[in-house]
Amino acid sequence: MIRDVEHEAMPREDLEALQLRRLQAVVERVYHLVPFYRRRMDEMGVKPGHIRTLEDIRLLPLTVKQDLRDNYPFGMFAAPMDQIVRLHASSGTTGKPTPVAYTQRDLETWAELMARSLAAGGAHRGDIVHVSYGYGLFTGGLGVHYGAERLGAAVIPVSGGQTRRQIMLIQDFGPTVICCTPSFALYLAEVGQEMGVDFAKTKLRVGVLGAEPWTEGMRAEIEKRLSLDALDIYGLSEILGPGVAVECLEAKAGLHMFEDHFLPEIINPTTLEPLAPGETGELVITTLTKEAFPLLRYRTRDLTSLNYAPCICGRTMARISRFQGRSDDMLIIRGVNVFPSQIESVLMETPGVAPHYQLIVDRDGQLDTLEVQVEVDEGAFSDEVKQLQALAQGIQRKIKDYFTVSVKVKLVEPQSIPRSEGKAKRVIDKRPH
Ligand code: DLL
């Protein structure tokens, strides 16, 4: 269902005209309000007036995470604190978090975009939305929460944790929509199975799942086990939180980016040159309407491609393809680039192993090594050692065939890989630093 036909199905020509007006306004705004951008643009000899077409965006500086760190905590904000009504922060893996800010109007926009996202999955007034994304500094919980309320749906703000209790609530309160990470969805399925729950008998109809990379194989598994349609949702705290792009129920083929608020580009992460539609590279986003924390050409590190082909759902907004992962997640094993999601796709098509895995990266002399630890499923666990060996070798061979990389595959007992309530930790890096 399209919530905002006027924008989501806007003729591309009109959309581009709107984007240009908004781009010019945001450039003007940051030039005058954010010293960091004024300095950068002055150094590059660029004035706001130089932006005459959408292509002129290439004249503008790129922004990277380190720029946000250098201006910690509030140096990049374009609104004074008396206009800011909310702060969130992205959890840095190392050191300090990156704070992000919203004005009242920013919160309105966010709620609207999340309402659009849920509507893209067919959610509407009268639905009950179970939110298991974490509430707190993480944008997942509150972001989805206000969007669901904006839609007129009833929200169950469960947040993460207490998995058995969540399943009881799913059975008793009858939510029709669930929002959580794909790995938590899988965990719910597993615990539900232990509890003897048949998800086909619950009212769950659709899952709006994101915040981490996942594969088509994982989608199939979640849809089967939870008996719902699983859709991919993307976002990042620096740009908004959840609600930057979402799949539509009709096509389930790429995530529509809300281009009236975000201007996407794909660049080659090494040369920084722009890439054409269809080519995979780093997603770069310029916020077109953010007041408190606008960003020009923010390098997300997320790898995807853009597709401008019309979609059967009627939206004209470009689609980004399912994410391969982040450039930071890429492993280089004996000179070959491997993404955890590529290993996942091999595991997901292998009968006998469960979709729970972890990748252990280590070093042997000068060479990086990769061990894939994957759980065997209950059925295969009772098999003979010889059969298990054959299973492990089969996976090893497939990975070698697909990605020309040699890995070690270790089958582990069911239930032995830690389960996740938020973003799954797929890679354990044991390399000495
Ligand atoms: O994860 C916001 C969010 C919450 C998105 C709930 C979707 C649902 P951060 O914690 O700042 O924000 O992490 C952002 O997570 O740059 C991607 O690397 C990754 N990510 C988010 N959604 C997806 C997705 C939230 N659908 C970072 N597929 C991003 C792959 C995703 N990666």
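One-based numbering, in listed order, for ligands and for the atoms of each. Everything numeric in this text was worked out from a predicted model, so none of it was measured.
Counting heavy atoms under 4.0 Å from ligand 1, residue T139 touches it through the side chain alone. By the criterion of a heavy-atom distance under 4.0 Å, both the backbone and the side chain of Y234 are placed next to ligand 1.
Among protein heavy atoms, atom 11 (O) of ligand 1 sits closest to S237 OG, 2.4 Å. Shortest contact from atom 31 (C) of ligand 1 to any protein heavy atom: E212 N, 3.6 Å. Of the protein's heavy atoms, G235 O, 3.6 Å lies nearest to atom 25 (C) of ligand 1. From the protein, the heavy atom lying nearest to atom 22 (N) of ligand 1 is A211 N, 3.1 Å. Among protein heavy atoms, atom 10 (O) of ligand 1 sits closest to K423 NZ, 3.1 Å.
Among R363, K408, K430, the single residue meeting the salt bridge (charged side-chain N to carboxylate O under 4.0 Å, His left out) criterion with E371 is K408. Only one option out of I395, T215, V372, V427 pairs with I343 in a side-chain contact (heavy atoms from CB on, under 4.5 Å); it is V372.
For the pair R12 and Y308, the cation-pi criterion (under 6.0 Å, within 45° of the ring axis) is not fulfilled.
Between D302 and ligand 1, at least one N/O pair is under 3.5 Å apart. Backbone and side-chain nitrogen or oxygen atoms of W214 are examined, and none is located within less than 3.5 angstrom of a nitrogen or oxygen of ligand 1. For a threshold of 3.5 Å applied to N or O pairs, the pair formed by L236 and ligand 1 contains no separation below that value. Checked against a 3.5 angstrom limit, the closest N/O atoms of R326 and ligand 1 fall inside it.
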TODO: Report the C-alpha distance between V100 and R86 in whole Å, list the side-chain angles of each, state the deciding distance to 0.1 Å, and finish with yes or no for side-chain contact (heavy atoms from CB on, under 4.5 Å).
DONE: CA-CA 8 Å; V100 298; R86 177 93 68 80; over 6 Å; no

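What you find for L236 and T300 is that their closest heavy atoms are CD1-CG2, 3.9 Å.
Side-chain contact check for Y37 and T63: at least one donor-acceptor pair (N or O, by modelled atom type) lies under 3.5 Å.
Applying the ring-ring contact (aromatic ring centres under 6.0 Å, His included) rule to pairs touching residues 97-128 yields H88-Y102, H88-W110, Y102-W110, sequence neighbours excluded. Residues in residues 66-87 take part in these ring-ring contact (aromatic ring centres under 6.0 Å, His included) pairs, two or more places apart or across chains: F74-F77, F77-F293.
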